[in-house]
There are 2 protein chains.
Amino acid sequence: MQIVDESGAKAERAGLNERQNAVLESALKLLVDGGEKAVTTAGVARAANCSKESLYKWFGDRDGLLSAMISYQAGKVRTVEVRSETLTADGLRKHLAAFALDLLDVLSGEVSLALNRLAIGQTVGRTAVRDARGAGPTLGRLLEERGRRQIGRRATTLLEAGRKAGLLSFDDADEAYGTLYGLIVTDAHLRMLLGFDPAALKKEFAGRAERAVASFLTLYGVGAMAAA
Amino acid sequence: MQIVDESGAKAERAGLNERQNAVLESALKLLVDGGEKAVTTAGVARAANCSKESLYKWFGDRDGLLSAMISYQAGKVRTVEVRSETLTADGLRKHLAAFALDLLDVLSGEVSLALNRLAIGQTVGRTAVRDARGAGPTLGRLLEERGRRQIGRRATTLLEAGRKAGLLSFDDADEAYGTLYGLIVTDAHLRMLLGFDPAALKKEFAGRAERAVASFLTLYGVGAMAAA
DNA sequence: ACAATTGCGTACCGTACGGTACGGTTCGGC
DNA sequence: GCCGAACCGTACCGTACGGTACGCAATTGT
């Protein structure tokens, strides 16, 4: 396989060319509406109009394919940086609300749910089914580092900005973020992973986000900020 | 709630005799340290010293076996009723702290984690892999109803008692419970499901529970109760 | 125009698993 | 002492999947 020039329009994520991304897209589609068992090498090859041999050449292994799917999807998530100065009380509240909605949106996404199910299904004990070969990091680790970490960074920087602006008060930003996360998500994520219809929960998202932010500000807000 | 060991004489849960419970115990052991793929009919039969034919006679199906495993394990969880009268401020705080610790304990249990992984792994979209035959409710539903529901009931009755005693203030008990759950668990459950070592998290349980209860009381406590 | 690379389609192999069938054995009732 | 039921151990069958090999078309470089 040769490395094609990177100037090709878009994508080219992580050294994968356009064709391979298309394959991953097909594989993700299969995963979303068929579960892990639907992601067979033959099935992916058929769905993507490529040969199994190419799959193995590109991804080395079924596990390699699965890992690539996670990395590929994670690469799609864009975090929006927040400008730390000019942070008013109402601005912070709005930013927090927006974050809450984004978080719920991401977590309830079909692809996200499918990938989480995949990674969890591969997990056993505190490691994961380890292939004979080296087989890089666990799928769970991969998902956590590429997914949750990114979102967490965005949140903590926002919280730090709030503290610098004298609007929030806390010792440990990570702990505060943990609280915020818990208030927003509660057990909705797990229930969706278990099959609860996301559509039914999505209707509550707005209210849920609002209440979570209100509670969070009650706990960590300074002065007027803490008023419900 | 506590995990009781009913190995003595009785049990006979849900129409299953002692022998079959022993088989389920073996199957759970296999699941815990081998993941779903380790629970093969032949493997269970070998581990339990029974024949495959008996497995099929008793549980009808591999899915039936998996369902029985969930039901069986869920039957072990006993919820401790709380006496609603004579509820002092400090008593409520203690009860909440105890609940928080119990919740974290249950969720971090190896068997619980393995079963959650199993149910999640079987889930696809908003349903689950549906067997040819009727095949009762989804494993995810089963797990949610027999596990989470029970714990939730205990919590909500405790919260109701607190409200009746004039110590707490909220409109919707379920919503308040959701907040409590989120404050306690945050994303610890998901991370453990993804393979994060529970032992590493268990050290924080005490502190985490305490902080969660304090935050909860700040949000929902009445008067002196709300003081950290 | 020719050679080489790439990749598709398909056929193939070994294995592992779900599910069934069968012979032998234990155990309780009569 | 005999009978039937329950059950164990094992062998067996069909299938599906991961992974590899091969033949042939298309594309690319020279």
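What you are looking at is a predicted structure, and each value in this text was computed from that prediction instead of being measured.
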Subject >> Nearest-Å distance for atom pair CD/P, residues B:Glu36 and C:dA16 >> reply: 17 Å

Original post:
Within this structure, what is the CD-to-P distance between A:Glu53 and D:dA25, rounded to whole angstrom?
Top reply: 17 Å

**OP:** State whether A:Thr41 places a side-chain N or O below 4.0 Å from either non-bridging phosphate oxygen (OP1 or OP2) of D:dG18.
**Re:** yes

Original post:
Taking only side-chain nitrogens and oxygens of B:Trp58, does any of them come within less than 4.0 Å of OP1 or OP2 of D:dC7?
Top reply: yes

Subject >> Interatomic distance, A:Leu55 CG vs C:dT10 P [rounded to whole Å] >> reply: 15 Å

Original post:
Taking only N and O in the side chain of A:Ser54, is any of them less than 4.0 Å away from OP1 or OP2 of C:dC8?
Top reply: yes

Original post:
Considering residues, nucleotides and ligands other than A:Arg148, do more than 12 of their heavy atoms fall under 6.0 Å from its CZ?
Top reply: yes

Original post:
Step by step, would you call B:Tyr56 with B:Thr41 a side-chain contact (heavy atoms from CB on, under 4.5 Å)?
Top reply: CA-CA 9 Å; B:Tyr56 283 95; B:Thr41 55; 3.2 Å; yes

Subject >> Value in whole Å for how far the C1' atom of C:dG19 lies from CG of B:Asp61 >> reply: 9 Å

Subject >> Atom-to-atom span, NZ of A:Lys37 to P of D:dG18 - whole angstrom >> reply: 11 Å

Original post:
Nearest to the side chain of A:Thr40 - C:dG19, C:dC8, D:dG18?
Top reply: D:dG18

Original post:
Taking for each residue the nucleotide of DNA chain D bearing the nearest heavy atom, is the 5' side occupied by B:Asn49 or by B:Lys52?
Top reply: B:Asn49

**OP:** Among the candidates D:dC17, C:dG19, D:dG19, find the nucleotide nearest to the side-chain atoms of B:Tyr56.
**Re:** C:dG19

**OP:** Compute whether any side-chain donor of one residue and acceptor of the other, for B:Arg19 and B:Ser54, lie under 3.5 angstrom apart.
**Re:** no

**OP:** From the options C:dG9, D:dG18, D:dC8, select the nucleotide whose nearest atom is closest to the side chain of B:Cys50.
**Re:** D:dC8

**OP:** Select one nucleotide: of C:dG18, D:dC22, D:dA6, the one nearest the side-chain heavy atoms of B:Lys57.
**Re:** D:dA6

**OP:** Please report the closest heavy-atom contact between A:Val39 and A:Ala27, naming both atoms and the distance.
**Re:** CG2-O, 4.2 Å

Subject >> Note: B:Glu204-B:Arg211 ion pair, threshold 4.0 Å (strictly below) >> reply: no

Original post:
Base, sugar-phosphate alone, or nothing: which one does B:Arg19 contact when heavy atoms must sit under 4.0 Å apart?
Top reply: sugar-phosphate

